[in-house]
Amino acid sequence: MAQKTLIEAVTDALHHEMAQDDRVVVFGEDVGRKGGVFGATAGLQEAYGTERCFDTPLSECGIIGTAVGMAVYGMRPVAEIQFLDFIYPAFDQIVSEAAKMRYRSGGEYTCPLVIRSPYGGGIRGGHYHSQSSEAYFCHTPGLKVVVPSTPADTKGLLIASIRDEDPVMFLEPKRSYRSLKGEVPEGEHYVPLGVGRVAREGTDVTVVAYGAMVPIVEKAAEKAAELGKSVEIIDPRTLVPLDEELILESVRKTGRCVVVYEAPKTCGFGAEIAAIVAEKAIGHLEGPVVRVAGFDTPFPYSLEHLYMPDVRRVLKGIQRTFEW
Amino acid sequence: MAQKTLIEAVTDALHHEMAQDDRVVVFGEDVGRKGGVFGATAGLQEAYGTERCFDTPLSECGIIGTAVGMAVYGMRPVAEIQFLDFIYPAFDQIVSEAAKMRYRSGGEYTCPLVIRSPYGGGIRGGHYHSQSSEAYFCHTPGLKVVVPSTPADTKGLLIASIRDEDPVMFLEPKRSYRSLKGEVPEGEHYVPLGVGRVAREGTDVTVVAYGAMVPIVEKAAEKAAELGKSVEIIDPRTLVPLDEELILESVRKTGRCVVVYEAPKTCGFGAEIAAIVAEKAIGHLEGPVVRVAGFDTPFPYSLEHLYMPDVRRVLKGIQRTFEW
Amino acid sequence: MTTSELLTIIEKDGRAAKGKDPNLSADDLRRLHRTMLAARILDERGLALQRQGRIGFYLQALGQEASHVGSAFAMRDSDWFFPAYRQPGIPILRGVSYDDIVCEWYGNDGDTSKGRQMPVHYSFRQANFVSISSPIGTQISQAAGAGMAARIRGDDTVFMTYFGDGGTSSNDFHSGLNFAGVFKAPVVFVCENNHWAISVPLKGQTASDSMAAKAHAYGMPGVRVDGNDVLAVYRVCKEAVERARKGEGPTLVETVTYRMGSHSSSDDASRYRDAEEYESWKQRDPIERFERYLENKKLFDPADKQALVDGIKAEINEAIKRAEARPRPALETLFEDVFMNPTPQLRAQRDELLALEGPESDDVGEFPL
Amino acid sequence: MTTSELLTIIEKDGRAAKGKDPNLSADDLRRLHRTMLAARILDERGLALQRQGRIGFYLQALGQEASHVGSAFAMRDSDWFFPAYRQPGIPILRGVSYDDIVCEWYGNDGDTSKGRQMPVHYSFRQANFVSISSPIGTQISQAAGAGMAARIRGDDTVFMTYFGDGGTSSNDFHSGLNFAGVFKAPVVFVCENNHWAISVPLKGQTASDSMAAKAHAYGMPGVRVDGNDVLAVYRVCKEAVERARKGEGPTLVETVTYRMGSHSSSDDASRYRDAEEYESWKQRDPIERFERYLENKKLFDPADKQALVDGIKAEINEAIKRAEARPRPALETLFEDVFMNPTPQLRAQRDELLALEGPESDDVGEFPL
Ligand SMILES: Cc1ncc(C[n+]2csc(CCOP(=O)(O)OP(=O)(O)O)c2C)c(N)n1
Ligand SMILES: Cc1ncc(C[n+]2csc(CCOP(=O)(O)OP(=O)(O)O)c2C)c(N)n1
Ligand SMILES: [Mg+2]
Ligand SMILES: [Mg+2]
């Protein structure tokens, strides 16, 4: 297996699907000749032509509106939104149209499309190039939401998303784009949506984390081990559909739960995990369910390193589950 | 005090504020001559002229974009979005602009505006005239989110929202517009944001509910009383800022907590309440924290009565907190 | 590329303007007439049922029959529609049964969309009539996208999308026409300018001279046509459809017409608009106008009209009777079609609901818009 | 209301076209020149600091100095700007200090916006220069709204908003111009058409003949002007500002110019555009062109240029030195300005963070766009 960065895994998956299914088209701002501002679509236009990989006008509304139309007509559009912070002009098409097409038409029309977008902080992108808005999409019935944390999962989950019969939000942890390298299977590699993974086994406390928070939590787990606490890390991989059982099983075992996410704390996806645990594993809890998250402020520039959950905040969160 | 319906209380508050502050302007689709599709703005154009109460083109993006500009320039715009389901074309202006103006400018520019919108089901409005999307806004730092449940609160909270120095989402339970009547103080009536209320005192279980769910929960509480369970109902009134202490105090007293909301369950505001309880009152819990919510489907038309939390589902939720 | 003139064909006396008659066959002309009439009768019945409390909501196309039937008639059966909510004649033209239409009003178990949407928000897959949604304008950029897809695949499908004067203010009007212009998508954008968006009159919607003029901003032709003249609408759209099919790109067609009724069963137009305006448009009724043309051509005799109307009415009434006898969709359907396969969470929610005992809550309220 | 012609004033030889010279005073002309030059030098220093790793990001207006300085010069001090991110000359023109500008790049405790945004996203209240945001186009409808507000209040403030060719595709371009047209808002919409939106060339943005042509869709005049000709830009905008102030409504001005640099410090334009295009535009450099005009008028001697440049550079370098000596904003500022008063939740989060021990995480990564 080849070592690839997370962003190379994205490119790999796109190549693989474009080669095997000519309904797959890739478009967005700067994805053609430039190959994307991060390079995720590099080489696709050369390989598959300007009809199947092309630049659009500067309108997220138009990108997703046309993607919905293409999907309804039978294509497999993979639209790139340059930064997740810029997805809001398309919000109506996503939540009112893509998410509801199948339901509102009684299954007559469907909308199999993938919206890829880099999300999250840690690249000094400041206010408008750092947001994590996965919770908006998780709260919208009809959307699947995928957040890979490793290069291999990135490839396998992106392939599964493109083949999915429903709209998928595929959120790529841009902080890990180049900082994370790992083995990625060549050729076919399919990681089904809805199946989480145990990123690290442990016995004392469960930490649920996804995307760019997984490597941070892994570091914190090492530290915690030094302090005598055994951390189990659950990476759900897909937030919708959620592998609830995997999380509950772990919490029932450890009796403790921390959720780590970089979005603003209030109403973030971690609230959902905490609520599930409080409803279904309450009898096993030996401490409070703790959320370590972004603060309830817009994303800052100069103080980004204080805003984002880091090892010391994760450790503090773990520690709090032992105090009650 | 006069008896008023909830929607009359809206009109009352708008009249009151327009009369005493000429920076207050009211606009949106059909709010002028027609007085709004529900009649909330009836009489305002006659009273204050077409400059201060006017119809706009059919663009929520434009309504909120211009409202932001007005607020930045020093007005107090009160924009109506005809149905909350139609707010998404304005989502970018709300989350990227209104919510962030103060923060991103270091406090140099502010955005004191109110976005009023009828939300929720129960009027046979089907798929696109019934949604409850408060969680999106609660998850957006920089927005306040208000959901009144009684006519008096509607007036007092709307007045407080208009006077607030920050953007406020004012979500009106349309199901209660005419079905709910109550005493509303004449003239000045101010209910501060961030202070919840105990809608009913009880000792066995806390039910948190807001907006149109409060009357449903009140009915359920009556039934529960017949069955020997004493229900305390907490109506937070404002979801952001949240009167967390009021909820926690009640849960610490009763040891049980149910949250009722009509939005889709996953990542709804009830998840936040559950997460707070699981973090801060875990030691007092004597049962699971239960959410009674809309299902994780888009809003249906024919089966609306099954989709929305009703008395029997609330009772079932209450019952579940006693089983663990 | 003219935008200021207004193309008209059928003159006051029922004759076609010189050299402009599209010379449709007698069968085609009768079909146009019958479809417009059926649309109008359907609308009458729909509103009546709403007034009687038998269905929850209704929304008519009264006065706009020529606009949507004439334009749709320019399409092939394999072409696609991305409609708004005021084109009831299109499903009729495409052979959708009254049963399918009426069951949607009732949201019963015969509804092709399983009771998910309010009345008149049809979805008819077999007719290439894409699911109607309430948010204004969203279909516009979707039609552009479908057109782009057809181009990529080399299909010769043409797409027609409808929206009102209010719809031109939407985000999707702008992005849809812009994308279609850039990618030369085979799309005909039909703006049915009926002068009102609920209570907002045209001049409150835009300061533009016309809706057709907006086409220039996207590098495409814009054409204004008398929307109450079914032949003029047909002719303009036929040309636009042919341009699209030949790969010459999109067209914006503005059909100038009038909303003869209130916005919907929840609205009362008399509260915000003048009776004279209505009266002046009543003189230009599209069906009567077309009947004069047909009479001239000896294809229609006013004496036969009642029988024609009664026949259509009877068919619709039969469909209504059958629809009223059908039950609501089954409880389980609530959880279907969120995704192709339900998630574990959805299955659990369904099971919870199925397990509940006691009386269901009652239907509440009435639809206010 | 012409849209196809391109107004130019300064001819190749530096003379003003007959009858078109706005005849500005010598002081005004020198101020225009100095401001454009300062903007360019500021941009040079900014990019250099980014390349040296001393600031995180930079974005130049290279080649577009005439476009924004000329237009802004048509405004009164009490008028307001809703800018995009490529108008560094406006704060300079309005007397904002280099310290204020440079501190923003560093996001230090002297930054008027408290280190909340990336470099060049200024907010200068005292200059009526509204906080810049990254999402393309959002300022456009805001400017329309501010204009509506001024009309309602009877103020004679005029508003100018800037956006690029890419910005014309945004939702807010459409709604902003539409609202401004309907409400006759006193706004000048300046589209700086620099031919590129990152790597997307003009023809990939719209099929429209011009950006100015889009004005017709909103019932307002659209004017195209040579954006590298500071006098032409000034003249066109002056007229537009006066129309606005007289209550005659908005204007769309398209300044035809060129992005001489890459999109930003994260971009490399050589990967997607041809050197010849760049070379041809280099011949039309707006500052050199204006200098020829000044020379003709005996207001400028090339021999003095270096001293002028050195003077500005020295001022900027001093400001940089001072900015580098300043610390980051205090930790507490993270929680300020979310609302006027922090919520209990925010206070608790702040206290939690203050109570933490151990090393903070390091800054990570680099800005990729
Ligand atoms: C995005 C959005 N905003 C508001 C509404 C409420 N609404 C329904 S129809 C309508 C007016 C539509 O006017 P127009 O586009 O001219 O179509 P017409 O009804 O005249 O056919 C409005 C405002 C909506 N459905 N969607
Ligand atoms: C809504 C949105 N989408 C995408 C981006 C990323 N982006 C930043 S600048 C830019 C190109 C802007 O082009 P143009 O409007 O022509 O302005 P210019 O940079 O040429 O001055 C893009 C796509 C953004 N900032 N906002
Ligand atoms: Mg209309
Ligand atoms: Mg540009």
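Heavy-atom basis, side chains included; hydrogens, waters and symmetry copies ignored. Every chain is numbered from 1, with letters handed out A, B, ... down the list of sequences.
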Between A:I63 and chain C, with a heavy-atom cut-off of 4.5 Å, which part of the residue counts as in contact: side chain, backbone, both or neither?
both
Contacting region of C:L346 [heavy-atom separation from chain A under 4.5 Å]:
neither
Side chain / backbone / both / neither for A:I64 at chain C, heavy atoms under 4.5 Å
neither
Would you mind checking which part of C:L334 comes under 4.5 Å of any heavy atom in chain A, side chain (CB onward), backbone (N, CA, C, O), both or neither?
both
Quick one: which of C:A150, C:A180, C:A185, C:P329 has the most heavy-atom pairs under 4.5 Å with chain A, could you say?
C:A150
Below 3.5 angstrom, are there any donor-acceptor pairs between chain C and chain A, and if so, which atoms and how far apart?
residue, atom, partner, partner atom, Å
C:R116, NH1, A:Y103, O, 2.8
C:S123, OG, A:E108, OE1, 2.7
C:F124, N, A:E108, OE1, 3.3
C:R125, N, A:E108, OE1, 2.9
C:R125, NH1, A:E108, O, 3.1
C:F129, N, A:Y109, OH, 3.4
C:F129, O, A:Y109, OH, 3.3
C:S131, O, A:R104, NH2, 3.0
C:S131, OG, A:R104, NE, 2.6
C:S133, OG, A:E97, OE2, 2.7
C:T138, O, A:Q93, NE2, 3.0
C:T138, OG1, A:E97, OE2, 2.8
C:S141, OG, A:Q93, NE2, 3.1
C:Q142, NE2, A:Q93, OE1, 3.1
C:Q142, NE2, A:E97, OE1, 2.8
C:R153, NH1, A:G74, O, 3.4
C:D155, OD2, A:Y73, OH, 2.6
C:T157, OG1, A:Y73, OH, 2.8
C:D172, OD1, A:Q93, NE2, 2.8
C:L334, O, A:Y103, OH, 2.6
C:D337, O, A:Y103, N, 3.2
C:M340, N, A:D166, OD2, 2.7
C:Q345, NE2, A:L242, O, 3.1
C:Q345, NE2, A:E244, OE1, 2.9

What part of C:F129 gets within 4.5 angstrom of chain A, counting heavy atoms only: side chain, backbone, both, or neither?
backbone
Report yes if some heavy atom in the side chain of C:F183 is under 4.5 Å from a heavy atom in the side chain of A:P57; otherwise report no.
yes
Taking C-beta and beyond as the side chain, do A:F54 and C:V182 meet within less than 4.5 Å on heavy atoms?
no
Of the listed residues (C:G115, C:A146, C:P344, C:A143), which shares the most heavy-atom pairs with chain A below a 4.5 Å separation?
C:A146
